[in-house]
Amino acid sequence: MRVRLTALSVAGAAALGLVTAPAIAAPNPQADAELVSVFGHRGASGYRPEHTLASYELAARMGADFIEPDLVPTKDGVLVARHENEIGGTTDVADRPEFAERKATKVIDGETLTGWFTEDFTLAELKTLRAKERIPEVRPNNTIYDGRYEVPTFQEVLDLRARLSRELKRDIGVAPETKHPSYFASIGLPLEPGVVQALTRNGLNRPNAKVAVQSFEVANLKELNESLKVDLVQLISNSGAPQDFVESGDPRTYADLVTPEGLKEIAGYADVIGPDTRVILPVKEDGYLAEPTPVVDDAHAAGLEVVPYTVRAENSFLPKDFRSSEDPAAFGDVFGFLRALLETGIDGIFADHPDIAVVARDDFAAGR
């Protein structure tokens with residue numbers, strides 16, 4: 001997942017028109033370096049409502065190496081970008097009287113949820129909705145964009161990726177996450193065929209394509225490993241267990257997956273782990289950082305790269321070591337937290353504010 005730049009590769013890529021600096025991010029000061037990849041988490045979701053084309057485009061223009069859409073299906077089987085299939089908090093569906101009767105209560109991965117779900121809407125119906133900010137209490141400035149953007153399809157995200165790669169003259173990566181794969185398979189809307197078809201149709205199912213397909217579950221990554229030639233990312237929560245393990249009676253947890261033995265098993269079907277930052281930099285009960293764990297070194301020893309999630313600039317998301325005040329929405333010392341992560345030897349980072357992550361990454365690479 002590292003961005004690899006050498007004097008030769010830069011010169012060759014420049015001849016192909018692939019490495020001109022993005023419009024917003026400053027060029028990297030290191031010509032000969034392996035740089036930590038920056039993933040625009042749900043786009044530039046610190047500045048625009050998440051999982052909108054506007055959010056993804058801003059992330060790329062800020063210098064993100066990858067944009068990250070979470071994928072869920074519609075009733076007619078089209079993959080769309082939403083953090084969850086429940087869309088009451090990320091669209092205006094609750095204000096649409098024509099869809100009032102679609103409100104439902106479901107059990108998703110063991111959690112009872114009430115709201116509106118993508119699998120109960122056709123794509124045409126979903127396209128009449130408009131996105132809104134998911135956490136307005138922390139990101140009030142983003143609310144000015146409420147109602148401006150549609151829910152994008154995965155194909156629209158891939159089309160945007162291709163356009164921006166041409167316009168910015170550098171290859172923009174895409175890191176789709178398959179959401180709740182066991183649940184969607186159980187209702188006859190499996191995610192995996194659509195992911196494989198879309199990547200293949202767009203010429204991205206090939207070795208060295210700038211693609212990383214993610215999942216918190218294990219079985220669907222093993223399935224995808226049979227069909228995809230791109231990087232696969234085993235996501236690791238700070239607690240609990242993969243849902244497919246829970247449903248199959250496998251007693252292992254995410255903590256078991258990041259033991260040396262667990263990491264060796266992951267290396268048999270995936271290329272990268274994507275752990276919660278707390279798996280690498282634990283937070284004590286008092287809210288301050290504890291000593292780093294050996295997970296990064298152990299993963300590298302197993303042949304895996306490490307791309308933790310998610311760095312956000314607001315105080316409410318930072319360990320107490322890096323908070324600037326009691327205001328949960330104010331920015332804290334996110335540069336300090338990013339440096340602490342970079343010092344562990346990670347290969348990439350998911351960030352809601354990709355411009356900040358790019359600056360932190362580049363400063364770290366330059367020894368500043």
Side-chain angles (χ1 to χ4, degrees), residues 40-56 58-59 67-75 78-123 125-154 156-157 176-181 183-184 187 189 191 214 216 235 237-238 240 243 276 309-317 328-329 350-353:
H41 185 243
R42 310 176 195 174
S45 54
Y47 304 110
R48 299 289 187 275
E50 65 189 31
H51 294 309
T52 59
L53 293 181
S55 183
Y56 300 133
L58 183 58
I67 53 176
E68 191 243 0
D70 295 338
L71 301 180
V72 294
T74 64
K75 184 177 182 178
V78 180
L79 294 179
V80 296
R82 288 288 88 189
H83 174 51
E84 295 289 347
N85 53 322
E86 199 292 300
I87 54 174
T90 61
T91 72
D92 62 356
V93 66
D95 300 323
R96 304 291 290 273
E98 67 270 33
F99 297 127
E101 293 183 356
R102 302 284 178 92
K103 191 174 185 179
T105 298
K106 302 187 180 190
V107 178
I108 312 294
D109 291 358
E111 182 180 0
T112 300
L113 298 173
T114 298
W116 291 262
F117 299 84
T118 59
E119 64 267 27
D120 296 330
F121 292 77
T122 65
L123 177 62
E125 290 172 330
L126 206 62
K127 280 293 189 179
T128 68
L129 303 178
R130 291 297 178 266
K132 68 177 185 179
E133 173 56 39
R134 182 176 60 88
I135 47 174
E137 66 280 3
V138 179
R139 294 174 176 165
N141 290 342
N142 286 8
T143 63
I144 68 170
Y145 299 101
D146 287 356
R148 297 186 64 87
Y149 308 123
E150 295 182 355
V151 174
T153 66
F154 186 32
E156 288 170 334
V157 177
E177 180 187 339
T178 57
K179 301 291 292 190
H180 310 300
Y183 167 76
F184 285 119
I187 63 171
L189 289 171
L191 302 167
Q214 313 169 70
F216 277 102
L235 296 171
S237 177
N238 189 48
Q243 183 62 24
D276 187 307
Y309 70 90
T310 302
V311 174
R312 299 175 169 102
E314 295 92 353
N315 284 319
S316 60
F317 300 115
F350 287 94
D352 281 12
H353 304 81

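Computation of the quantities below employed the complete heavy-atom set of this structure, encompassing side-chain atoms and omitting hydrogens, waters and symmetry-equivalent molecules. Index from 1, following the sequence.
- A side-chain donor-acceptor contact under 3.5 Å links Glu86 to the backbone of Gly88.
- The one candidate from Val72, Val78, Leu79 that meets the side chain to side chain contact (heavy atoms under 4.5 Å, CB included) condition with Phe154 is Leu79.
- Using a 4.0 Å cut-off between charged nitrogen and carboxylate oxygen, Lys106 and Asp120 count as a salt-bridge pair.
- Glu68 places a side-chain N or O within donor-acceptor distance of the main-chain N or O of Arg42, the cut-off being under 3.5 Å.
- Taking the six-membered ring for Trp and thresholds of 30 and 60 degrees, His83 and His51 have nearly parallel ring planes, at less than 30 degrees apart.
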Derivation and outcome, side chain to side chain contact (heavy atoms under 4.5 Å, CB included), residues Asp352 and Phe317: CA-CA 11 Å; Asp352 281 12; Phe317 300 115; 5.8 Å; no

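- Under 3.5 Å, the side chains of Asn85 and Thr118 contain no donor-acceptor pair of N or O atoms.
- The line from CZ of Phe350 to CG of Asp276 is 12.0 Å long, rounded to the nearest 0.5 Å.
- Remark: side-chain polar atoms of Arg48 are not paired, donor with acceptor, to backbone N or O of Gly43 under 3.5 angstrom.
- Across Val157 and Pro69, no two heavy atoms sit closer than the pair CG1-CG, 4.1 Å.
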Any chance you could lay out the side chain to side chain contact (heavy atoms under 4.5 Å, CB included) test for Trp116 and Thr91, step after step, and finish with the verdict? CA-CA 10 Å; Trp116 291 262; Thr91 72; over 6 Å; no

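- Side-chain atoms of Leu71 and Val80, non-hydrogen and from C-beta on, never get closer than 4.5 Å to each other.
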Take Leu189 and Lys75 through the side chain to side chain contact (heavy atoms under 4.5 Å, CB included) test and state the conclusion after the steps. CA-CA 8 Å; Leu189 289 171; Lys75 184 177 182 178; 5.9 Å; no

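- We find that Asp92 and Arg130 are not joined by a salt bridge, their nearest charged nitrogen and carboxylate oxygen being 4.0 Å or further apart.
- Taking 4.0 Å as the cut-off between side-chain N and carboxylate O, Glu125 and Arg102 count as a salt-bridged pair.
- Using a 4.5 Å heavy-atom cutoff, the side chains of Leu191 and Pro73 are in contact.
- Residues Arg139 and Glu314 are paired through a salt bridge, judged by an N-O separation under 4.0 Å between the basic side chain and the carboxylate.
- Across all non-hydrogen atoms, the minimal contact from Tyr47 to Tyr145 is O-CE1, 3.8 Å.
- When all heavy atoms of Gly46 and Asn142 are compared, the closest pair comes out as O-OD1, 3.5 Å.
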Evaluate the side chain to side chain contact (heavy atoms under 4.5 Å, CB included) criterion for residues Ile87 and Val151: first the C-alpha distance (whole Å), next the side-chain angles of each, then the deciding distance (0.1 Å), finally the verdict. CA-CA 10 Å; Ile87 54 174; Val151 174; over 6 Å; no

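- With Thr52 contributing its side chain and Ser55 its backbone, the two residues share a donor-acceptor pair below 3.5 Å.
- Rounded to the nearest 0.5 angstrom, His41 NE2 and His353 NE2 are separated by 12.0 Å.
- By the 4.5 Å heavy-atom criterion applied to side chains, Tyr149 and Leu53 are not counted as neighbours.
- Atoms CD and CG, from Glu150 and Leu126 in turn, are 9.5 Å apart once rounded to the nearest 0.5 Å.
- With a 6.0 Å radius and a threshold of 12 heavy atoms from other residues, nucleotides or ligands, Glu137 has its CD atom above the threshold.
- No hydrogens or angles considered: a donor-acceptor pair under 3.5 Å links the side chains of Glu84 and His180.
- At a cut-off of 3.5 Å, with distance as the only test, no side-chain donor of Glu177 or Tyr309 sits close to an acceptor on the other residue.
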